[in-house]
Each structure stands twice: as structure tokens, then as C-alpha cells.
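Written below as C-alpha cells is the structure these notes are about.
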Amino acid sequence: MSISTKYDPKATESKWYKHWMDQGYFQSKPNPDKAPYSIVIPPPNVTGMLHMGHMLNNTIQDILIRKARMEGKEACWVPGTDHASIATEAKVVVMLKEKGIAKEDISREEFLRHAWEWKEKYGGIILEQLKKLGASCDWSRTRFTMEEALSESVTKVFVDFYKKGYIYRGKRMINWDPEGKTALADDEVIYRETNAKLYYVNYKLTDSDESITIATVRPETILGDTAICVNPKDKRYKHLKGKKVVVPLTDREIPVIQDSYVSMDFGTGCLKVTPAHDLNDYQLGIKHKLPTIDVLTDSGKMSEAAGIFIGEDRFVARKKVAAAIEAAGQMVKIEDYKTNVGYSERTNAVVEPRLSVQWFVKMEHLVKPALKNVLNDEVRFNPPKFKNMYRSWMENVHDWCISRQLWWGHRIPAYYLPDGSFVVAETPEEALKLAKKASKNKDLTPDDLRQDEDVLDTWFSSGLWPITVFDGIRNPENEDIRYYYPTSVLVTGFDIIFFWIARMIIYGYEYRQEKPFEDVYFTGMVRDSQRRKMSKQLGNSPDPLELISTYGADGVRTGMLFSAPAGNDLLFDVKLCEQGRNFANKIWNAFRLVKSWEIDESLDNNRNQVAIAWFEARFNQALIEVEDHFSKYRISDALLTIYNLTWDAFCSSYLEMVKPDYQQPIDKVTCKATHSFFKCIMKLLHPFMPFITEEIWQQIRHEKDEECVIVAAWPKGDTEEGRTKMDMELIQGGTMALDIVSNIRNLRNSKQIADKQPLSLLIKTDFSRIYQLYDGIIRKLANIESIEFTDEKPEGAASFIINAMQGRPDELFVPLKGAIDIDEEISKIRKELEYTKGFLSSVEKKLSNQKFVNSAPEQVVAMERKKKSDAEAKIAALEENLSSLSN
RNA sequence: GGGUUCUUAGCUCAGCUGGUUUAGAGCAUCUGCCUUACAAGCAGAGGGUCGUAGGUUCGAAUCCUACAGGACCCACCA
């Protein structure tokens with residue numbers, strides 16, 4: 001029976017995923033005998049499709065959760081999706097439009113029915129896709145931010161915030177998305193530099209022929225001007241005090257006011273004031289008691305109040321207003337101009353500042369513990385550089401606008417009375433009670449109350465995610481929340497540090513007096529190999545499922561991880577996946593070799609003693625390194641360490657050391673040790689490559705081993721004092737042996753000597769014991785037929801120098817009858833001599849410096865002295881060699 | 001405009017509070033091999049005066065200053 005030389009992921013992936021599910025290995029429940037390790041998934045949007053960002057993010061979470069599970073912790077990864085209010089609503093609107101249904105024409109209830117249908121149909125897709133990746137989530141705990149329990153919790157929090165005075169309703173200047181027809185929070189606006197025009201427009205004074213010129217990029221808002229403002233110190237405009245001007249294209253007269261807010265050196269030094277459409281103008285308007293004229297509708301068209309161009313889109317109106325002003329002879333000039341324009345994070349529409357009544361959360365008080373506990377590392381940010389970003393935001397945070405003029409979302413639990421006042425309550429029944437009390441009108445009926453039409457910002461609810469997935473708002477004392485909260489780590493992109501992370505921390509301290517997670521692991525952005533963002537337009541965003549089907553889930557997972565340090569962008573290239581797939585294949589073939597072995601009881605069980613001891617030491621060394629990397633969330637480095645251990649130390653070195661000749665049997669001890677090593681490697685690799693490791697585990701596991709590698713115990717390092725020292729000796733010895741092998745192979749390469757042709761080795765050393773230990777290994781790996789010790793340099797031999805134990809340079813010779821080119825040999829030695837002399841002189845320079853010897857630590861000086869004597873010994877050996885060759 | 005951060009081999013990055021050889025890794029490159037675990041492989045090799053200029057120090061990729069270039073965050077003067 002031969003097994004294919006190519007590993008086939010398709011044959012294993014669904015099989016083992018199903019098996020894990022059937023065995024319930026992903027499921028978790030509170031267990032007082034185990035330490036909890038919990039992760040809540042950053043819930044993807046219900047409308048979302050799996051993209052490379054999700055792939056990276058969820059692979060890291062899966063690695064962490066699988067490792068914790070193997071370490072014997074009660075590992076719980078809670079999956080779920082986010083209703084994503086504005087994004088989903090936008091998609092549903094488009095979907096309805098395609099069916100010929102306009103949102104305006106249907107009722108709220110009808111719309112929501114369509115939205116829920118959509119959610120049922122598409123909402124689970126992304127989670128199904130995660131299963132293909134191998135994500136070991138506890139699917140029985142799948143949550144959705146708008147399911148009943150979570151919605152109730154959100155309402156409860158709103159009411160509680162309101163009672164505590166953190167929430168208020170007020171008329172403010174907010175960011176308006178004319179596409180989504182809703183208010184946005186400040187951080188939902190993205191500013192981008194945009195090419196625009198700066199229009200210089202003349203306003204005529206009422207009492208003279210004089211005009212004054214203002215500059216604006218939004219001429220359509222001229223129709224909403226209610227003043228002209230100049231700096232009181234500006235001599236050019238002193239005479240305008242108390243005068244009036246006529247708004248162009250209208251006969252409206254507005255005053256010229258004075259305020260130091262206006263800078264004299266920008267534009268013309270005259271500012272048109274439009275309190276309805278600019279935050280700063282709004283504040284000027286309040287200060288100077290100016291009227292407000294809102295010239296735009298909720299969809300960004302000119303309103304009745306504009307007087308002209310009613311119903312035109314603001315950008316069309318902009319051109320028409322400009323043209324009309326030009327026609328009226330009031331346009332002075334038009335310049336090209338670059339300005340920052342705000343775009344809606346979700347719909348990409350140009351955001352308009354707009355005055356409206358909205359709900360806000362006061363942030364000042366809430367922010368305090370959330371800021372403090374990040375700065376003092378109570379919540380650890382990895383990498384910590386994001387603390388600065390977090391801090392600057394938290395210190396300058398404004399009140400948070402939480403109401404959205406949408407239907408898909410958590411409806412605001414405020415109820416209006418006929419007289420216009422309102423009450424806030426968790427249920428309509430409660431609201432009625434409160435309303436009766438407040439209005440002193442016992443005859444109020446449910447029909448008299450009208451619930452607020454708006455819904456809440458998505459982040460108002462997703463900020464509660466780490467609490468609500470464990471039902472910690474409604475039942476603060478339940479077993480789950482007490483056991484799993486705070487969660488162990490949050491893995492997410494830094495782009496949602498304010499939207500989400502900050503808010504989770506805020507809610508955490510408000511409702512549990514405790515952080516929501518111990519650590520935050522920030523992933524970078526996934527970009528293409530040219531550092532461009534992944535986008536549909538560029539076509540540089542690979543389909544994750546296709547990648548998985550081509551390279552296998554394990555291949556894609558490791559491929560991504562090969563190059564993804566925390567906080568750094570991942571420059572994705574399919575070559576990485578290829579590397580991952582090749583790695584899986586390498587493991588597969590090592591497995592084929594080991595599996596093919598047959599034991600012969602009569603063989604010498606001690607033949608590979610040194611190789612086994614060496615690899616064990618090497619494994620422990622790698623394990624210590626891996627643990628260190630994991631403790632610092634250096635997942636890529638951990639993988640690379642295991643990759644090198646597997647490929648170089650295990651496959652290239654250890655297996656070559658111990659493997660018997662073709663179709664020859666193996667001794668029992670070596671076979672057992674190798675199986676054991678292989679299984680340990682499968683364990684280390686399992687978090688990264690769950691499928692192939694499970695497949696192999698199943699084929700080589702012993703009866704006494706755990707049934708699945710997913711629940712196998714994570715290897716424990718032997719880190720005792722004596723043991724570690726022993727390890728280092730073995731590792732150094734092995735390194736030396738491999739160094740000799742490599743030198744001989746190099747020799748073969750340069751002299752074109754076939755690997756099959758055996759060679760002899762002569763060693764000139766005072767430490768023959770250490771060479772004797774590795775005798776068998778050197779013979780086998782370098783095809784050496786005899787190893788002897790000598791005091792003399794033999795005739796016609798190639799030579800090289802090895803730093804054996806304690807750094808002592810020993811000279812090794814390979815006799816090559818007639819194959820030696822003396823000149824070449826001499827120039828090689830001269831080159832090395834030159835380098836060593838250069839090195840020696842740099843060391844001597846240091847040592848001859850009295851200040852260095854006096855002020856450097858003893859250890860450093862001792863090290864330099866040793867370097868010096870080593871180099872001198874090496875030079876002596878080289879020179880002796882050289883003179884014997886020259887003779 | 002304010003702030004953070006980065007610049008080390010062709011590419012992506014390690015290099016922690018300055019001192020174990022005259023700087024490491026992975027990938028890529030080059031040379032030779034279809035050697036019965038693996039050509040998705042094996043063996044070997046080459047490649048960097050650590051952005052520039054100063055400074056501190058016995059000693060600087062590592063600390064300080066300036067400059068150049070890049071990234072990001074915040075603010076948003078019409």
C-alpha cells in the first residue's frame with residue numbers, strides 16, 4: 001500500500017471538522033476545576049462575506065483557543081454576527097429596489113419583515129465559511145446582536161444610562177448622511193482630501209454701491225446665509241460695522257457682524273455665516289443670535305427654504321448657483337482648491353453638517369476608567385503603540401450621537417406623550433405607567449404614546465458584546481458571565497479601536513466594574529504584495545474559499561501567519577499559501593517515512609542514542625522559544641520556530657541521522673522515540689494546522705494517547721536547572737556535528753565529488769571525546785568511511801576549521817588523492833586568514849584601550865579576551881597549514 | 001496645524017533597557033542534483049559600511065539632535 005507523495009487536504013478537512021463537532025470538542029461550559037480561557041469573536045456583519053481580513057483575524061483566534069484547549073484550559077470561543085444597522089439596511093433597500101419596492105412606499109413593519117428574511121437567508125453564510133477555515137467556535141453559543149436576549153439587554157442599558165443622566169436628547173449640529181438619511185457619529189465620518197473650487201462672490205451693501213467679497217467652496221449654502229462676519233481688528237472692514245448686505249440671488253438683507261473667530265489672512269478675510277450647515281457657523285450663530293435657514297432636505301436636495309433650485313441635488317445646485325451668480329455679475333473669480341471633505345463611513349456619501357434633534361451619550365464620566373486602565377496596562381494592548389492613539393481619542397472625545405434615522409436596529413425606548421414630552425422605559429407597559437404619572441393623566445391609553453422612530457447606533461449594542469453573549473446585563477450573577485468574564489483576549493483590527501474597543505472597555509467598567517478582556521491583539525490590514533488595499537475594483541482580493549480549496553485550510557492559515565506580526569499589515573501573496581501548502585506536504589512525507597518503518601527486535605537499541613538525545617534537547621529549546629513568543633503574542637515567530645524545528649531539525653537533520661537504509665527495519669527504541677517526537681511536533685503544530693495534524697495523529701497515535709490531537713495535552717518543557725545545561729551541551733555538540741557535515745558537503749560540491757563516494761576524515765584536536773560522540777552521525781550524513789585523529793597535517797588534503805566545545809578551533813582534513821588544487825586551497829586559507837586577522841585587530845584595539853578595560857563589565861572584557869585567544873589559535877593553525885601547503 | 005511611529009540583505013521583518021565573534025530569519029536569487037519519505041524536494045553558495053549628517057560613550061543598528069523620505073491617528077480656516 002503506497003500513500004500519495006502529495007498531501008490531499010480535501011480528503012481530511014471536512015472529515016475531521018465533522019468529527020470534532022460530533023465529539024463536542026468545541027463546546028464549553030463553566031468548569032471550576034479548570035481555568036477559563038474565553039474569546040468573543042468580533043461579530044462580522046450579517047450581510048458580510050468572508051474576506052482576507054476575517055481569515056487572518058479568525059485564524060489567530062483559532063490558534064489561541066486551540067492552544068488554550070490543549071493546555072487544559074476551559075476554552076470557549078463565542079461566535080456570532082452583528083446586525084450592522086446602516087450597512088444592512090442599505091443592502092436591504094437595494095434588494096427591495098431590485099424587486100421594484102421603494103422603502104418609502106412600505107411600512108416599517110413590512111420593511112423589517114423583508115430585513116429579517118434577508119438575515120435568515122444570508123446571515124449565516126459567513127459563519128459557515130469560518131468552519132471551512134477550521135474555526136473551533138462553540139457554535140451552540142452563536143449569538144446575534146438583535147436576538148431577543150441581546151435586544152432586551154440593549155434596551156435595559158439605554159434606560160439605565162438615561163436614568164443615570166448619561167443620555168440626553170437635544171438639538172445639535174450633527175453629521176448627516178444624505179444617502180442613508182440618518183445622523184452619524186463623529187467617528188463614522190472619514191475625511192479625504194478632495195479637489196474642489198473656491199468661489200469668490202460679491203455681496204452688495206444695502207446703502208452704497210460697495211461690495212464685499214467672500215470665498216466659499218459651497219456656494220449653494222449662500223441661500224442659507226444669515227450674516228457676514230469680519231474680524232473686529234481688520235482695518236479693511238472697520239467701516240462695515242452695523243451695515244447690511246444683500247444675499248446674492250435673493251433680496252434678503254443680512255447684517256455684517258464682527259468676531260475674532262475670523263482669520264484676517266485667509267481668503268478675503270470675510271466669512272459668510274450659514275448656521276444651519278457648518279459647525280463653526282452654528283456656534284457663531286448662537287453667539288450672535290442669528291437665525292438659522294436650513295436649505296437642504298434630508299436627502300441632500302435644496303429645500304423650500306432655499307427659495308430657488310428647490311428639489312435639486314446639492315451638487316447640481318452648486319453649479320447652478322455659481323452660474324447664476326456669474327450671470328448676475330457677482331462672481332469675482334473661481335480657483336481650484338483642495339479641501340478635506342467628510343464621507344460617510346458606510347455609504348460613502350458626502351456628509352452634510354446638519355442641525356437636528358438627536359440622542360446623545362455624555363462621555364466625560366464614562367471615559368475615565370476606560371482610559372486609566374489602558375494606560376496602566378490593566379488592559380494590555382499588543383503592540384502597545386496603539387495606547388497613544390487610544391489616549392488621544394479618549395482625552396478629546398465629544399458626546400456620542402447614538403440615534404439613527406433607520407429602521408433596522410434597536411429601537412430607542414423613548415415614548416412621546418401627546419403634549420410632546422417623553423418618558424424612557426424598557427417596555428410600552430412601563431412607559432404607560434410612567435407617562436400617567438408624569439402627566440398626571442390617568443386616562444392615557446397605549447395609543448396615546450408614540451415610540452421614538454429612531455434606532456440606536458450599531459456600536460451602542462456591539463460595545464456590550466462581551467457581556468451580552470454571556471447574558472450579563474439581564475442576569476449579572478449568572479454562571480457563564482461570572483466564569484468567562486473578563487475574556488482572555490480580543491483579536492481585532494486597530495481600525496475599530498474607537499468604534500468598538502473603547503466602547504467595550506467603557507461598558508465593561510460601567511456594568512461589571514471590570515475590563516472586558518485581558519489583552520487586545522491588534523491585527524494589521526491585509527494588503528496585496530504592492531501594499532495596496534484589497535478591493536473589488538482592483539481585483540486584488542482573493543476569494544478565501546477558493547484559496548482554501550487550492551492550498552488547503554492549513555496551507556492558507558500558515559501562509560498568512562508566516563508574515564503577520566501583530567499590528568503590522570499583512571502583505572498577502574498567494575506565494576505565502578504555496579509555502580504553507582509545501583510545508584504541509586513536507587510534514588506529510590516525513591509521516592510517510594516514519595509510518596513505513598518496521599521494527600526488528602534484534603537490532604541494537606542504542607544505535608541512535610545521541611541523535612535521540614540531541615533532538616530531545618533541540619525540541620525543548622524550540623518549545624521554550626515558542627512559549628516565549630506566545631506569551632508576547634508573537635504568533636508569526638512562534639510558527640517560524642516550529643517551522644524550523646520541523647523542517648530543519650526534525651526532517652533534514654534528525655530523520656536523516658536515524659533513518660535506516662531503504663526497506664531496512666529499525667530498532668525499537670529509535671522507532672518509539674521518533675513516533676513520540678512526531679506526535680509532539682503534531683501537537684505544537686495543531687493550533688496552526690489543525691487538519692493535517694489530526695489526520696496524522698489518528699494514524700500514528702498509540703492506544704494510550706488522547707483520541708484526538710485537538711484535545712491532546714500541550715507538550716511541557718523540561719526547564720530544570722541541570723537539565724537545561726545538559727540540553728545546551730547536546731545542542732552545541734549537534735550544531736558542531738552538523739557544521740562538520742555541512743563543510744564536507746560543501747567540499748563535495750566545490751570539488752564535484754559525488755555524495756555516493758565515501759571520504760575519510762582526519763581531525764587534529766585535544767578533545768577527541770566530543771567527536772567520538774558524534775562519530776556515527778557524521779559518518780552517515782556526510783558519507784564518511786573513516787574518522788581518525790592526527791597530530792600532523794596530512795599530504796594532499798582539503799582542510800577546514802571547526803569551533804568545537806569551548807570555542808576551541810580544531811582543524812579537520814579530508815584527504816583527496818590528487819583532487820587537491822594547491823593554489824585554490826592556499827587562496828581559500830589566505831582569505832580566511834585575512835578575515836580572522838581583521839577580526840583579531842578589532843578585538844585587540846578594544847583590549848588595548850585602557851578605558852574599555854576599566855569601564856566595561858568584567859564579563860564583557862573576559863569575552864573579548866577569549867575572542868582574542870581563539871582568534872590567535874585559529875590564525876596559528878591557518879598559518880601552519882599555509883606553510884605546509886607552500887612547501 | 002498637533003501627535004504617534006517607521007526607515008536593517010531584492011522583498012517582508014527580528015534585533016528587549018548600548019557590549020557572546022566584523023548584524024540575523026523567512027521568502028526570493030544563483031550553482032549542482034529526478035539520491036527509493038518528499039522536485040510542493042535535496043545539497044551548497046552569494047547578498048547589508050543598519051535612511052543622511054552630527055553628537056553622547058571606552059563602545060551605537062540600539063541613546064540624543066537635526067535633516068530627508070514613508071505610514072498612520074486627531075483636528076478641519078470658510
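Values below: every heavy atom of this structure, side chains too, minus hydrogens, waters and symmetry copies. Per chain, numbering begins at 1; letters A, B, ... match sequence-line order.
Considering only side-chain atoms of A/T339, the nucleotide from B/A78, B/C74, B/A43 that sits closest is B/A78. Side-chain atoms of A/M389 lie closest to B/C73 of the nucleotides B/A40, B/G44, B/C73. Of the candidate nucleotides B/A43, B/G26, B/C73, B/G26 has the atom nearest to the side chain of A/D648. In the set B/A78, B/G19, B/A40, B/A40 carries the atom at the smallest distance from any side-chain atom of A/K6. Considering only the side chain of A/N644, B/A25 comes nearest among B/A25, B/C73, B/G19. Nearest nucleotide to the side chain of A/N568, out of B/A14, B/G44, B/C73: B/A14. Distance from the side chain of A/N746 is smallest for B/G44 among the nucleotides B/G26, B/C42, B/G44.
For the pair A/L593 CG and B/G41 C1', the interatomic distance rounds to 14 Å; values are reported in whole Å. For A/L375 and B/U4, the CG to P distance is 14 Å, given to the nearest whole Å. Taking atom CG of A/D637 as the reference point, atom C1' of B/C13 lies 9 Å away to the nearest angstrom.
Where A/D569 and A/C651 meet RNA chain B, the nucleotide closest to each residue was compared, and A/D569 sits on the side nearer the 5' end. Comparing A/S563 and A/K385, the nucleotide of RNA chain B nearest to each residue sits closer to the 5' end for A/K385.
Counting any heavy atom pair closer than 4.0 Å across all strands shown, A/R581 reaches a base atom. A/N585 comes within contact range of at least one nucleobase, with a heavy-atom separation under 4.0 Å. Using a 4.0 Å heavy-atom criterion, one finds that A/T274 contacts no nucleic acid atom at all. Among the atoms of the strands shown, only primed sugar atoms or phosphate atoms (P, OP1, OP2) are found under 4.0 Å from some heavy atom of A/Y337. Looking at heavy-atom distances under 4.0 Å, A/R218 makes no contact with the nucleic acid at all. A/S596 comes within 4.0 angstrom of no nucleic acid atom, judged by non-hydrogen atoms across all strands. Across all strands, A/W647 comes closer than 4.0 Å only to sugar-phosphate atoms, never to a base (heavy-atom distances). Base contact: A/Y835 has a heavy atom under 4.0 Å from a base atom. Residue-level contact check: A/R634 touches the backbone only, with heavy atoms under 4.0 Å from sugar-phosphate atoms and none from bases. As judged by a 4.0 angstrom heavy-atom cut-off over every strand, A/D281 is placed among residues making no nucleic acid contact. Within the nucleic acid shown, A/V217 comes within 4.0 Å of sugar-phosphate atoms alone, with no base atom in reach, counting heavy atoms only. At a threshold of 4.0 angstrom between heavy atoms, the contacts of A/T5 are confined to the sugar-phosphate backbone, with no base atom among them. Nucleic acid contact for A/S636: none, since no nucleic acid atom lies under 4.0 Å from a heavy atom of the residue. As judged by a 4.0 angstrom heavy-atom cut-off over every strand, A/L271 is placed among the base-contacting residues.
Counting non-hydrogen atoms of neighbouring residues, nucleotides and ligands closer than 6.0 angstrom, the CD atom of A/E834 reaches no more than 12 such neighbours. Atom CD of A/E858 has 12 or fewer neighbouring heavy atoms from other residues, nucleotides or ligands inside a 6.0 Å radius.
Base-pair partner of B/U7: B/A68 (Watson-Crick or G-U wobble, both distances under 3.5 Å). Under the Watson-Crick or G-U wobble criterion, with both distances below 3.5 Å, B/A28 is left unpaired in every strand shown. Remark: B/G41 base-pairs with B/C33; criterion is Watson-Crick or G-U wobble with both hydrogen-bond distances under 3.5 Å. Under the Watson-Crick and G-U wobble criteria, each requiring two contacts below 3.5 Å, nucleotide B/G1 is paired to B/C74. Applying the Watson-Crick and G-U wobble criteria (two distances, each under 3.5 Å), B/U49 pairs with nothing in any strand.
Between B/C11 and B/G51, the two P atoms lie 14 Å apart (nearest whole Å). B/G46 and B/A9 have their C1' atoms separated by 11 Å, with the value rounded to a whole Å.
The aromatic ring centroids of A/F522 and A/F386 lie less than 6.0 Å from each other. Aromatic ring centres of A/Y643 and A/F688: separated by at least 6.0 Å.
Close to B/C42, at under 4.0 Å from its OP1 or OP2, lies no side-chain N or O of A/R745. At the phosphate of B/C27, OP1 or OP2 sits under 4.0 Å from a side-chain N or O atom of A/Y643.
Contacts between residues 223-234 of chain A and RNA chain B, defined by a heavy-atom separation under 4.0 Å, are absent.
Not a single donor-acceptor contact under 3.5 angstrom links the side-chain atoms of A/Q579 to the base of B/A28. Side chain A/K586 to base B/C38: a donor-acceptor pair is found below 3.5 Å. Side-chain to base pairing of A/N340 with B/C76: one donor and one acceptor N or O lie within less than 3.5 Å of each other.
Taking the side chain as every heavy atom from C-beta outward, A/F800 and A/I740 approach each other to under 4.5 Å.
Checking A/N231 against A/S260 by side-chain atom types alone, no donor-acceptor pair falls below 3.5 Å. A side-chain N or O of A/N175 and one of A/D186 form a donor-acceptor pair less than 3.5 Å apart.
Salt bridge status for A/K632 with A/D628: present, with a side-chain N to carboxylate O gap under 4.0 Å.
When every heavy atom of A/R236 is checked against every heavy atom of A/G269, the shortest pair comes out as NH2-CA, 4.0 Å.
Between the side chain of A/K10 and the backbone N or O of A/S549, at least one donor-acceptor pair lies under 3.5 Å.
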